[in-house]
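In the text below, chain A, chain B and the rest are named by the order of the sequence lines, each starting its count at 1.
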Amino acid sequence: MAERYDFTAIEKKWQKIWEEQNCFAAEEDTKKPKFYGLVEFPYPSGAGMHVGHIKAYTSLEVISRKRRMQGYNVLFPMGFDSFGLPAENYAIKTNTHPHVITTKNIEHFKEQMKRVGYSFDWSREIATSLPEYYRWTQWIFLKLFDHGLVFRAKTQVNYCPHCKVVLSNEDSQGGRCDVCHSEVIQLPKDVWYLKITAYADKLLNGLDDVDYPDSIKQQEIDWIGKSTGAFVDFAIKDVPEKLEIYTTRCDTLFGVTFMVMAPEHPMLDRYRDRIKNWDEVEAYRATCAKKTEFERTQLVKEKTGVKLDGFTAINPVSGKEIPIFLADYVMMGYGTGAIMAVPAHDQRDWEFAKKFGADIVPVIEGGDIEKEAYTGNGRMINSDFLNAYDNKKDSIAAMLAFLSEKGIGHKGVQYKMKDWAFNRQRYWGEPIPLIHCQKCGTVGVPYEELPLTLPDVENFEPGTDGQSPLARIESFVNCTCPKCGGAAKRETDTMPQWAGSSWYYLRFIDPNNTERFCDPEKMRYWMPVDWYNGGMEHVTRHLLYSRFWHHFLYDIGEVNTPEPYAKRTYQGLILGPDGDKMSKSKGNVVDPIEVIERFGADTLRTYVMFMGDYMAATPWSEQSANGCKRFLDRVWRLMDMVRGEDDTDREQRSAIHACIKKVTDDIEHMKFNTAIAAMMSLVNDFYAKGSVTKDELRTLLLLLNPFAPHMTEEMNEQLGFSEQLHHAAWPVYDESALIAASVEYGVQVNGKVRARISMPADADKAAVEEAAKASADVAPYLAGKTVRKVIVVKNIVNIVVG
RNA sequence: GCGAUUGUGGUGGAACGGCAUACACAACAGACUUAAAAUCUGUCGGCGAAAGCUUGCGGGUUCAAAUCCCGCCAAUCGCACCA
């Protein structure tokens, strides 16, 4: 009866039914418990879906399908993060409008996703590049602006010469551009910043209240990089201005024998007349400017620097005059761009002092400063102020008290995280809704004028002057100031890739609202996102940014939870068949659609869930994928093995309920591989037996449905069940059924397994112990020995003899 | 340099401190085939003559360690002169 499993026809049939019956739309106004499952929406690239997308989406797809069967009202949406550089670069190359390309790519992605059989609620689809969406991205930006979290500053910024854009710190991790991977250079530039550092503590503390793996939390903590220390002012000889430094070891202040300023430090320019070797300074600055960030950090083996002639500092506690150097091991971007150097207790300062001949004065007991700096803690020595302060307990606290009393310094906090450089000099992004007015300064576009739509341009090429293509459109640039009505000019830069994705999970809750970004009533029901799965590479980018925006929206009363995501997980990479990271250049990329054509969507889904530990990187194996196809074929053929009578014996029943428990629990812990293994074992049991009852088979189909929904629905229908699986009740195991008739014990003597015995399930410990001792296999090991102890636990008996 | 993660058969991988190698892949054999494929049924870690030894290596804790602790080694990822 059950012929060949024709996956192509079956998958098409059920995908059509799901679409027509709108099976997976989240319900409104329900009394049901909710589950909001979210996967990172993709950037719709021209290449279409990657197997990595499949692994990322299938986990929550399985969980969402299971939740629906468990009676939850499930929101499992999908949309597109459709602004971004690749579309724009492609547009430049082919002279097609990015909007046209993006629309086409979205259609392509959607069609591919539907072929995988995902149960997304397509009625809520969004795209960040549509005006009705980015209207609210701009709205949130204006709120940030109104609350003083948008500011403009001229500093050294990351710049990608290839993409011709300013990048944020997060966009240039490892010194490479996030989009094109070319090397990022440092340039002084005037840019818009979002004050994410104002939320550093909230982003840090919020981690206590969410369920993220430690690896994710740790990466965010490290990226934020909070440190506590002190700011200290150093007087400069014969100059009114003071040089401020930041230190985490103010207790070593008496050991400061010189100071170092970053080459770009702006104070230098103010006193160039005083610096006698200015030529040398300029030459050194020029060498440093030529180095890339990479060279400055990765390749330095030897310290370089220039001693300033005629520009010296005074150690504020000892009163001694000390030299000031310029050296590129001090960064302008951290602290104040200047340091107090304590060569006795800081390895970098030690190396510098050795090379440039500065004094090394120990002020903390311990270590051998002849060999290297001693960076540990200890009693303070050679420090005059000690009499008045008890330095035994906490030398840092003692020094801080001293500093603030004398007005020299104060406690301070620093973060490695920098403010978010937010404007991009490119076309395909949200226009920044700001207006520059000669009279009023920078003014926000009035909220009622949103969306500020992206105008059409002829030429998407960024300007050679570092300006966005929008700057060439006079009708866009020229406007009137909303405040004074005078002539004004629009900001012509656009927002970065990460803007639209910083709040998209809120829009899915209420995607068509034209009054607000999201209805508060609906948010109260759906938020927070219960489970968010995505890539590890977004932890210090998108995840951090969206948590920042959400905390802000919470602070201004626009959302009802401080954190957007209650739980976050990540998927491990799928490597190429050769074990290397998949890349076009290596030619080891696996196309999921080809896999669907050869093996079917159910096999693809089952294999990506079976291939290994979900969070670990695993190489793709076509043979293993074929093994999953074989498993599904075996399940299909079970239809030929259905026997008439409905009897299930105790062993069989026990095996089925053990499988229900295993699959139910393992899915919750993302142990999809062992869940599938359990179902494979059950199928092997059925084969060994040679037959299966209809009910037994249906239970298996229910468990397998989230993984292989098409085939199981088809089998369910062919078996004559009228109720479709996707909304049938998830099987519940019966604790009492788990108990098998007999239990196998391993019998150990001094921890080594010597025998196996089978005992009735209700046998007590004494009986098990007796049977173990009586076993013929253990007898030789007990002969002539005294039994000192017998341990009976679970299914192990350990006889300790001596 | 700092931090995190991971080291288990030919391969992907299983194992609340409790019978190491579940489940699959590959390989081998048998059945069915004229034959192949598919399918079904078996066998299947290594070393050792054996007792035994064997979860990267060396110690420790425990009746019992792949699992916990300490010290190495290797790999992967993240950060990186962060003062």
Side-chain angles (χ1 to χ4, degrees), chain A residues 4 173-175 213-219 221-223 225-227 229 245-250 252 260 262 293-294 296-298 300-301 303 327-331 333-342 345-349 351-352 414-418 536-537 539-540 572-573 575 579 581 607 610-613 615-628 630-631 633-634 637 671 673-684 687-688 690 744-757 788-802:
Chain A
R4 210 161 54 83
Q173 292 180 31
D214 287 343
S215 52
I216 291 184
K217 286 189 182 182
Q218 198 55 50
Q219 237 187 71
I221 290 166
D222 289 348
W223 186 258
K226 182 176 184 173
S227 96
I245 60 94
Y246 173 74
T247 178
T248 52
R249 289 299 299 273
C250 64
T252 62
V260 183
E293 185 80 353
F294 180 77
R296 237 174 111 166
T297 56
Q298 312 256 333
V300 280
K301 277 158 194 122
K303 299 269 182 292
D328 67 357
Y329 82 92
V330 173
M331 305 289 152
Y334 185 77
T336 63
I339 61 151
M340 61 178 217
V342 188
H345 305 295
D346 181 284
Q347 189 57 27
R348 295 154 300 179
D349 299 345
E351 283 164 18
F352 193 83
Q414 277 296 299
Y415 302 96
K416 287 186 199 171
M417 181 171 71
K418 295 179 191 160
M536 205 60 192
E537 71 278 12
V539 166
T540 52
L573 284 179
L575 305 172
K581 210 170 153 175
Y607 175 58
F610 180 68
M611 62 194 302
D613 181 339
M615 313 247 186
T618 311
W620 180 269
S621 160
E622 185 158 303
Q623 286 175 323
S624 288
N626 189 43
C628 287
R630 235 158 23 203
F631 163 62
D633 284 341
R634 259 162 91 80
R637 284 193 298 271
K671 300 183 73 164
N673 54 337
T674 49
I676 293 166
M679 290 186 275
M680 287 173 168
S681 288
L682 188 64
V683 171
N684 290 347
Y687 269 80
E744 276 246 319
Y745 285 84
V747 183
Q748 300 176 331
V749 179
N750 286 350
K752 299 218 184 310
V753 181
R754 302 298 182 184
R756 271 164 240 278
I757 56 171
R788 297 196 189 279
K789 211 196 252 176
V790 180
I791 292 139
V792 182
V793 277
K794 288 162 201 171
N795 41 11
I796 279 286
V797 182
N798 191 10
I799 304 169
V800 184
V801 299

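Taking atom P on both B:C70 and B:G3, the two are 13 Å apart, rounded to the nearest angstrom. With C1' as the reference atom, B:A51 and B:G13 are 33 Å apart, rounded to whole Å. As rounded to the nearest Å, B:A31 and B:C25 have P atoms that lie 22 Å from one another. With P as the reference atom, B:G42 and B:C23 are 12 Å apart, rounded to whole Å. Taking atom C1' on both nucleotides, B:G30 is separated from B:G12 by 28 Å, rounded to a whole Å. Nucleotides B:U8 and B:U55 are separated by 4 Å at their C1' atoms, to the nearest Å. For the P atoms, the distance linking B:A27 with B:G17 amounts to 37 Å, nearest Å. For the C1' atoms, the distance linking B:U67 with B:G48 amounts to 28 Å, nearest Å.
Counting only heavy atoms from C-beta on, A:V753 has its side chain closest to B:A20 among B:A83, B:A20, B:C40. When the nucleotides B:C63, B:A22, B:A83 are ranked by their closest atom to the side chain of A:V330, B:A83 comes out on top. Closest approach to the A:P619 side chain among B:C81, B:G13, B:C79 is made by B:G13 (side chain taken as heavy atoms from C-beta onward). Considering only the side chain of A:T248, B:A83 comes nearest among B:A83, B:C40, B:C63. The listed nucleotides are B:A15, B:A83, B:G78; the one nearest the side chain of A:Q219 is B:G78. The listed nucleotides are B:C81, B:G12, B:A83; the one nearest the side chain of A:K303 is B:C81. Proximity note for A:F610 (side chain, C-beta onward) versus B:C23, B:C81, B:U39: the nearest is B:C23. The nucleotide whose nearest atom lies closest to any side-chain atom of A:W223 is, among B:A83, B:A15, B:C79, B:C79. Among B:A15, B:C25, B:C79, the nucleotide with an atom closest to any side-chain atom of A:Q623 is B:C25. For A:S215, taking side-chain heavy atoms from C-beta onward, the closest of the listed nucleotides B:C23, B:A4, B:A83 is B:A4.
Taken from OH in A:Y246 to CE in A:M340, the straight-line distance is 11.5 Å, to the nearest 0.5 Å. For the atom pair A:M417 CE and A:I221 CD1, the distance stands at 12.5 Å (nearest 0.5 Å). With values rounded to the nearest 0.5 angstrom, A:D349 atom CG is found 8.5 Å from A:K303 atom NZ. A distance of 8.0 Å separates OG1 of A:T336 from CD of A:Q414, quoted to the nearest 0.5 Å. The line from CG of A:L573 to CE of A:M615 is 13.5 Å long, rounded to the nearest 0.5 Å. Summarising the geometry, atom OG1 belonging to A:T540 is positioned 11.0 Å from atom CD1 belonging to A:I216; distances are rounded to the nearest 0.5 Å.
With contacts defined as side-chain heavy-atom distances shorter than 4.5 Å, the pair A:M536/A:S215 qualifies. Counting heavy atoms from C-beta outward, A:D613 and A:T618 have side chains that stay 4.5 Å or more apart. A heavy-atom distance below 4.5 Å is found between the side chains of A:N626 and A:R630.
For B:G48, the base adopts the anti conformation, since its glycosidic angle falls more than 90 degrees from zero.
Rounded to an integer number of Å, the gap from A:D328 CG to B:A83 P is 18 Å. The interatomic distance linking A:Q218 (CD) with B:C2 (P) rounds to 15 Å, in whole Å. Separating the CE atom of A:M331 from the P atom of B:C81 is a distance of 5 Å, rounded to the nearest angstrom. For A:N684 and B:A14, the CG to C1' distance is 15 Å, given to the nearest whole Å. The interatomic distance linking A:N626 (CG) with B:A27 (C1') rounds to 16 Å, in whole Å. The CD1 atom of A:I796 sits 16 Å away from the P atom of B:C63 (whole-angstrom rounding). As a whole-Å value, the separation of A:Y687 OH from B:U39 C1' is 9 Å. Taking atom CG of residue A:D346 and atom C1' of nucleotide B:G1, one finds them 13 Å apart after rounding to whole Å.
Counting non-hydrogen atoms under 4.0 angstrom, A:Q347 reaches nothing in the nucleic acid. Here A:A678 lies out of heavy-atom contact (under 4.0 Å) with every strand. At a threshold of 4.0 angstrom between heavy atoms, the contacts of A:D613 are confined to the sugar-phosphate backbone, with no base atom among them. Among the protein residues, A:K671 comes within range of the sugar-phosphate backbone only, with heavy atoms under 4.0 Å from sugar or phosphate atoms but none that close to a base. Note on A:R788: nothing from the nucleic acid sits closer than 4.0 angstrom, heavy atoms only. Contact annotation for A:G627: backbone-only contact, meaning every heavy-atom pair under 4.0 Å involves sugar-phosphate atoms and none involves a base.
Ring orientation note: the planes of A:F352 and A:Y329 are tilted relative to one another, at an angle of 30° to 60°.
Looking at residues two or more places apart in sequence or on another chain, you find a salt bridge (charged side-chain N to carboxylate O under 4.0 Å, His left out) between A:R249 and A:D251.
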> How does each nucleotide of nucleotides 43-56 of chain B score, in 5' to 3' order, for protein heavy atoms under 4.0 Å: base (B), sugar-phosphate only (S), or none (-)?
Replying inline: ---------SS---
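Between A:Q748 and B:C63 there is no side-chain N or O to OP1 or OP2 distance below 4.0 Å. OP1 or OP2 of B:C40 has at least one side-chain nitrogen or oxygen of A:R637 nearer than 4.0 Å. Within the 4.0 Å cut-off from OP1 or OP2 of B:A26, not a single side-chain nitrogen or oxygen of A:S624 is found. Of the side-chain N and O atoms in A:N673, none sit less than 4.0 angstrom from OP1 or OP2 of B:A22. Between A:Y334 and the phosphate of B:A83, there is a side-chain N or O to OP1/OP2 separation shorter than 4.0 Å. Residue A:K416 has no polar side-chain atom (N or O) positioned under 4.0 Å from OP1 or OP2 of B:C81.
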> Using Watson-Crick and G-U wobble pairs with both distances under 3.5 Å, what is the 5'-to-3' dot-bracket string of RNA chain B, with [ ] for crossing pairs and | for pairs outside the strand?
Replying inline: (((((((..(((.....[....))).(((((.......))))).(((....))).(((((..]....))))))))))))....
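Each of A:A616 and A:R634 was matched to the nucleotide of RNA chain B holding its nearest heavy atom; the match closer to the 5' end belongs to A:A616. Toward the 5' end of RNA chain B, the nearer of the two residues A:S227 and A:M680, judged by each one's closest nucleotide, is A:M680.
A donor-acceptor contact shorter than 3.5 Å links the side chain of A:Y607 to the backbone of A:S621. A:N750 contributes a side-chain N or O that, together with a main-chain N or O of A:V801, makes up a donor-acceptor pair within less than 3.5 Å.
Among the candidates A:I799, A:N798, A:V800, the single residue satisfying the side-chain contact (heavy atoms from CB on, under 4.5 Å) test with A:K789 is A:V800.
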